[in-house]
Amino acid sequence: MSWLPLSFGAPMVLWGLLALPVIWWLLRLTPPKPQAEIFPPLKILARVLKREETPHQSPWWLTLLRLLMAGLVVAALAEPVFNPREKLPAEGAALALVIDNDWASAADWNKRVATAERLIKDAGSNGVPVIIAFTAEKANAEIGPFDAAAALDRLRAAKPRPIPTDRPAVYARVAGVLETLPGASVAVLADGLAAKGDETAFNTLLSKNAARVVWATADRLSLTGLTAADNQVDGFALTAIRAPGDPAPAQVTAGAFDDKGRRIADATLTFAPGEATATGTMAVPFELRNDFASIALDGERQAGAVRVLDESSKRRRVGLLSQAEADQAQPLLSPLYYIRRALQPFADLVEPSSADLADAIPQILDQKPAMIIMADIGTIPAQVRQRLVDWVDNGGTLVRFAGSRLAAAGNDDDLLPVRLRTGERSLGGALSWTSPQPVTEFPKAGPFADLAPPTEVTVSRQVLAEPTPDIVERTWAALADGTPLVTGLKKGKGTLVLFHVTPEATWSNLPISGSFVEMLRRIVQLSRNQGAAIANAEAAATSLAPYRMIAADGSLVPPTPDARPLVPGASAPVTFENPPGLYGSETGVFAHNLLDAASTFVPLARPQLTVPVTSIQYAFDESRNLKGSLVTAALVLMLLDTLAVFWMGGLFSRRRRRAGAVATTAAVLIVLGALFGHADFARADDAKPGDEAAITAISKTRIAYVLTGVPGDDSISRAGLEGLTRFLIEKTALEPGAPAGVDIAKDELSFYPLIYWPIDPAAPMPSQAAIARIDAYMQQGGTVLFDTRDQFANGIGADSTSPATERLRDILGNLNVPPLEPVPSDHVLTKSFFILPEFPGRFAGSPLWVEASLDASNTDNRPVRTGDGVSPIMITANDFAGAWAVDENGDPLLPTVPADPMQRVYALRAGVNIMMYMLTGNYKSDQVHVPILLERLGQ
């Protein structure tokens, strides 16, 4: 029963409103309580002449108040709902709820959750079990069936993922469960985007005992994505896409951000009516474009609107040098012609104004190029040679091409990767027994490893390298007879490269092949600052660790625990284990983006169904239950009625005897004091076992360590914390007590601000109850310092994780671990007592991981990170306890690696900083009180 926009859950109760006339009649017949008066003879005489009579019935306003109160109670019992919603068809043998939680659902995820909550609650009211599955989760995630409460818990714990959906696999799992539940309702909460395999997925899902379908979609597919961002000659070219067929024109703005999140450029992209693609250009200087770290579309809070950039998106300045005079009539014979054509699409080319090398080389170096290409240049003038050598040693890449001048110039160990034989070698001539040689497979260790060898390329002349023991390592490309075609050498921070043929098509047809362009592009990638590892990662097929991930809402976040190393490549898919983002390290990264140039947005079409279908829109539940409000209003009216009765009874007009009131109050206070005093004495006498130990534990600050059950680990932990305690007493005002070994399964943990936990795979795995106690300790303000002590135990490759790290992952998998990051340079830990740039232990090199401060901001008056509180978790692999450990005489027990005495000092200072951070929190970052303190000091 309902009257829009109001409905009642129990409308039959409204018949109780018919009793209101009876209540009115009873109230009118019931006079109020007579007013009581204390006998004052003179006051009665003064009122003799007044013609006031005691009323024989209740006043009209009191009657109306009580009738309104009764009406509110009746209406509340009828369970009224304002703006009621229609009940959804969540009935049958079960409700199968399949939800797209991919990147496209991030923008309105809360609406989708609200819609799913209504379906689950309706299923719960019908007593129907719920199967709930998400299409962007782990393949082995549990899907039920669950009861309504458990399904709601799983729904609220879910979140959108920055990856595409996997409908075929998830729908097949749901269909397998539905085989045992005939007549089930299936609710499809889709993201609105079509994906590969949808037809098969829906046929599998809806053909397994589905009795009815609820189809939930958004109002319109309003997504906009960024599919390309290319650093071209005149600017950064951007390409955006939207759903096709939109008749309205649209404009979107894109912003470019540097690695610190600062916006440094903008561009506008315009969609023409009916067009699904828009382009735009960020026309900014070359140097500024190279600072771009990411590009994002404004107003789009989803991962498809963000592109992260790696070194391949940065254009490099390349200097070109040649001693040959340019022939305008025959440009194809110019030594630099093919080089210019090959490099111009992805590099900025600079050339000197002078042909004299003594002037040309300084002119090129003054423009700070990343790479210099010399086409058949022989001897370098002595006055500029050292400057060129220094440029290579400091990170420059020098690429040289052979020719008659180089062949006659002799060797130069500082500017050539290999020693050369005098003269040149001719193949296939009239007086030669040999034929032109083809190019063989590229060496696996070189930058061209993943390129197919050009079968059409042959070499007829070349300069030969002297055979040396390391010639194979320096060979990047070779001919079929084993002689080098391209050699390279890492020199200092830079690279030397030599093509053993000329840059024009005289000694070889390599310069007119497509492979020549790709080879030069790879060398340009090598020329980037600290970019050699990433530029060669694809060729070496090594995996890169996750560095910064793109969240579903488009923000950059630290890697999640589920992220795994990525083998980079153009065809590497975005998956749950490899979400979009940056892979690598601070020295170089590989960009793994969600959308590519071929991506399109195709709206999802509802499949043809033979079962009843209910279409709904994603929306919040706007219905409001008025029962609580009406009950509250009735209680307020009841209070007013009570006050009115007291007033009419003369309670407020009487003057109580103050002496009696004071006496009564005093008596009450005496009784209460006696009771509380007795209770205090009772508590004092009611001591419990263990109270004395608890008082001893909190009488002094103590550092605790976890008793692992491995005697060697426990003794080192105790000796290490004793050494740190001595250092704290010597260097600070803190005087800690003796270290305490704790059994995390039984001992009270809240007595200790810091618990040191050495991870040993030989130790027994803690029980779930013990891990739950550690989780509660961390949630209540304590900090656990996990030390895997395996800095030098990790190998190379995807399977290099040490057993200690694997054990730590098993432990952390059962804890509520916040996002982590290495201690930033501006973190409180770096300056809580000593100024420390790093935190070594017995080993050095491993970062100290703490809770990420993603929202921390640095302003002029707050020079350090301002994240509130203390990190509940710290992780290191540097073996802190091994560096701190001392014997009874205070001498170190274990040597540091490397054996540097200052490393032990820095390790102890790191321990002091950690303890100060534990005890003072973000005190060092709080500059708010500085003016007040200075004022009190008279400054």
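Under the 4.5 Å side-chain criterion, counting only non-hydrogen atoms from C-beta, Val817 is in contact with Leu820. Under the 4.5 Å side-chain criterion, counting only non-hydrogen atoms from C-beta, Ile914 is in contact with Met874. Side-chain contact between Met778 and Val784 is present, with heavy atoms from C-beta onward closer than 4.5 Å. Side-chain contact between Arg548 and Val557 is absent, with no heavy-atom pair separated by less than 4.5 Å. Proximity of Ser527 to Thr495: side-chain heavy atoms (C-beta onward) are nowhere separated by under 4.5 Å. Side-chain contact between Pro872 and Pro818 is present, with at least one heavy-atom pair separated by less than 4.5 Å. The shortest side-chain heavy-atom distance between Leu566 and Ser543 does not fall under the 4.5 Å cut-off. For the pair Val574/Pro580, a side-chain contact is recorded, criterion being any heavy-atom separation below 4.5 Å from C-beta on.
At a cut-off of 3.5 Å, with distance as the only test, a side-chain donor of Thr708 or Asp714 sits close to an acceptor on the other residue. Thr560 and Asp562 share no donor-acceptor pair across their side chains, judged by distance under 3.5 Å alone.
In this view, Ala265 and Ala256, Met282, Val284, Phe292 satisfy the side-chain contact (heavy atoms from CB on, under 4.5 Å) rule, not counting sequence neighbours. With sequence neighbours excluded, the residues that form a side-chain contact (heavy atoms from CB on, under 4.5 Å) with Pro847 are Pro822, Trp849. Shown here are the side chain to side chain donor-acceptor pair (under 3.5 Å) partners of Asp810, two or more places apart in sequence or in another chain: there are none. Considering only residues two or more places apart in sequence or on other chains, Asn101 meets the side chain to side chain donor-acceptor pair (under 3.5 Å) condition with Glu137. Residues passing the side-chain contact (heavy atoms from CB on, under 4.5 Å) test with Asn140, sequence neighbours excluded: Lys138. Arg842 meets the side chain to side chain donor-acceptor pair (under 3.5 Å) test with no other residue; sequence neighbours excluded. Scored by the side-chain contact (heavy atoms from CB on, under 4.5 Å) test, Leu728 finds Ile703, Leu724, Thr732, Leu734, Pro736, Val912, Met915, Met916 as partners (sequence neighbours excluded). Applying the salt bridge (charged side-chain N to carboxylate O under 4.0 Å, His left out) test to Asp258 and every residue at least two apart in sequence or in another chain returns Arg262.
Taking every heavy atom of both residues into account, Phe839 and Phe880 meet most closely at O-CE2, 3.5 Å. Shown here for Gly723 and Leu908, the closest heavy-atom pair between the two residues is O-CD2, 4.3 Å. When all heavy atoms are compared, the tightest approach of Asp775 to Leu815 is CB-CD2, 3.6 Å. Val742 and Ala704 make their closest contact through CG1-CB, 4.0 Å (heavy atoms, listed as atom of the first residue, atom of the second, distance).
Using the six-membered ring where Trp is involved, His827 and Tyr917 have ring planes that are perpendicular, over 60° apart on the 30 and 60° scheme.
Contacts classified as side chain to side chain donor-acceptor pair (under 3.5 Å) and involving residues 893-907 (residues at least two apart or in different chains) are not found. Evaluation of the salt bridge (Lys or Arg N to Asp or Glu O under 4.0 Å) test over residues 746-756, restricted to residues two or more places apart or in two chains, returns Asp743-Lys746. Screening residues 719-736 for salt bridge (Lys or Arg N to Asp or Glu O under 4.0 Å), with sequence neighbours left out, gives Arg718-Glu722.
Between the CG atom of Leu785 and the CE atom of Met918 there is a distance of 8.5 Å, given to the nearest 0.5 Å. A distance of 11.5 Å separates OG in Ser802 from CZ in Arg807, rounded to the nearest 0.5 Å. Atom OG in Ser313 sits 11.5 Å away from atom CZ in Arg289 (nearest 0.5 Å). Expressed to the nearest 0.5 Å, how far CG of Asn913 lies from CZ of Phe833 amounts to 8.5 Å. Here the CZ atom belonging to Arg316 is positioned 10.0 Å from the CG atom belonging to Asn231, to the nearest 0.5 angstrom.
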Evaluate Met549 against Leu556 for side-chain contact (heavy atoms from CB on, under 4.5 Å), listing each step before the verdict. CA-CA 6 Å; Met549 302 292 99; Leu556 290 180; over 6 Å; no
I'd like to know whether Asp713 forms a salt bridge (Lys or Arg N to Asp or Glu O under 4.0 Å) with Arg789, so could you lay out the CA-CA distance, the side-chain angles of the two residues, the decisive distance to 0.1 Å, and finally the verdict. CA-CA 11 Å; Asp713 292 348; Arg789 306 171 301 168; 3.2 Å; yes
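Using a 4.0 Å cut-off between charged side-chain N and carboxylate O, Lys491 and Asp393 make a salt bridge.
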Identify each donor-acceptor pair in which a side-chain atom of residues 753-765 lies under 3.5 Å from a protein atom, sequence neighbours left out, and give them as a table.
residue	atom	partner	partner atom	Å
Tyr756	OH	Asp787	OD2	2.8
Tyr756	OH	Ala881	N	3.3
Asp760	OD1	Ala762	N	2.9

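Counted within 6.0 Å of CD on Glu473, heavy atoms from surrounding residues, nucleotides or ligands total 12 or fewer; the atom is thus considered open. For Arg301, the CZ atom sits in a loose shell: 12 or fewer heavy atoms of surrounding residues, nucleotides or ligands are nearer than 6.0 Å.
With a 6.0 Å cutoff to the six-membered ring centre and a 45° limit on the axis angle, Arg702 does not count as a cation-pi contact of Tyr752.
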